[in-house]
Amino acid sequence: MYAVQADGCSLTTIEGLSRPDGTPGVLQDAFCEAHAMQCGYCTPGMIVATHALLEANPSPDEHAIRDAIGGNLCRCTGYKQIVEAVQIAAAKRRSA
Ligand code: FES
């Protein structure tokens with residue numbers, strides 16, 4: 001979306017997904033745990049997109065996860081670890 005389309009909306013950035021003490025949040029930890037961290041362009045987008053997914057669907061299947069990150073294209077590597085990271089985060093959020 002263009003920035004002007006967000007005028008008047010509330011925005012959450014990657015920094016907004018950290019814990020209150022500034023340490024990485026559940027999704028960020030899960031991305032590290034699953035070795036899903038990629039570059040500084042796509043990883044924040046993947047994490048913010050999947051945060052929105054988990055807010056709407058706490059138990060997404062692989063198809064839902066891949067659909068949620070469909071707007072974040074990366075041809076540098078695969079998406080397997082990203083899907084695993086989201087599944088790890090989803091499980092941790094459900095058990096919290
Ligand atoms: S690793 Fe980020 S765009 Fe490919």
Side-chain angles (χ1 to χ4, degrees):
M1 93 181 337
Y2 294 109
V4 70
Q5 293 173 286
D7 186 31
C9 295
S10 174
L11 299 175
T12 300
T13 63
I14 188 70
E15 291 84 1
L17 299 181
S18 298
R19 293 185 172 92
D21 66 359
T23 59
V26 173
L27 257 171
Q28 293 158 318
D29 278 342
F31 269 63
C32 290
E33 184 177 333
H35 304 286
M37 301 301 278
Q38 297 183 185
C39 78
Y41 292 102
C42 64
T43 300
M46 300 282 187
I47 292 175
V48 171
T50 54
H51 171 75
L53 169 67
L54 295 180
E55 289 290 304
N57 178 1
S59 300
D61 61 15
E62 181 176 345
H63 177 77
I65 295 168
R66 289 183 180 273
D67 187 55
I69 61 175
N72 299 69
L73 299 178
C74 166
R75 293 292 173 253
C76 309
T77 185
Y79 293 86
K80 184 176 184 301
Q81 288 97 338
I82 294 168
V83 171
E84 288 174 12
V86 178
Q87 291 169 331
I88 290 169
K92 287 183 177 178
R93 286 170 55 117
R94 287 192 304 270
S95 68

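Being a predicted model, the structure only gives us computed values, none of them experimental. Side chains are part of it too, since the values below use all heavy atoms of this structure and drop only hydrogens, waters and symmetry mates. Just so you know, ligand 1 is whichever comes first in the structure, and atom 1 is the first atom listed for that ligand.
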Note to self: Is there a side-chain contact between R66 and I82 in this structure, where contact means two heavy atoms from C-beta onward sitting under 4.5 Å apart?
What the structure shows: no

Margin query: Quick one, Y79 and C74 - any side-chain contact, counting heavy atoms below 4.5 Å?
Written below: yes

Next item on the list: Any atoms of ligand 1 less than 4.0 Å from a non-hydrogen atom of C39? List them with their elements.
Entry: 1 (S), 2 (Fe), 3 (S)

Check: Linking I/L/V/M/F/W/Y whenever their side-chain heavy atoms sit closer than 4.5 Å, directly or via other members, would L17 and M46 fall into one cluster?
Finding: yes

Item checked: pair S59-R94: side-chain heavy atoms closer than 4.5 Å -> yes

Check: Which of the atoms of ligand 1 are close to C76, meaning less than 4.0 Å from one of its heavy atoms?
Finding: 1 (S), 3 (S), 4 (Fe)

Note to self: Under a 4.0 angstrom heavy-atom cut-off, which atoms of ligand 1 come close to C42?
What the structure shows: 1 (S), 2 (Fe), 3 (S)

Notebook entry, point to check: Which ligand 1 atoms are under 4.0 Å away from a heavy-atom of Q38?
Noted result: 1 (S)

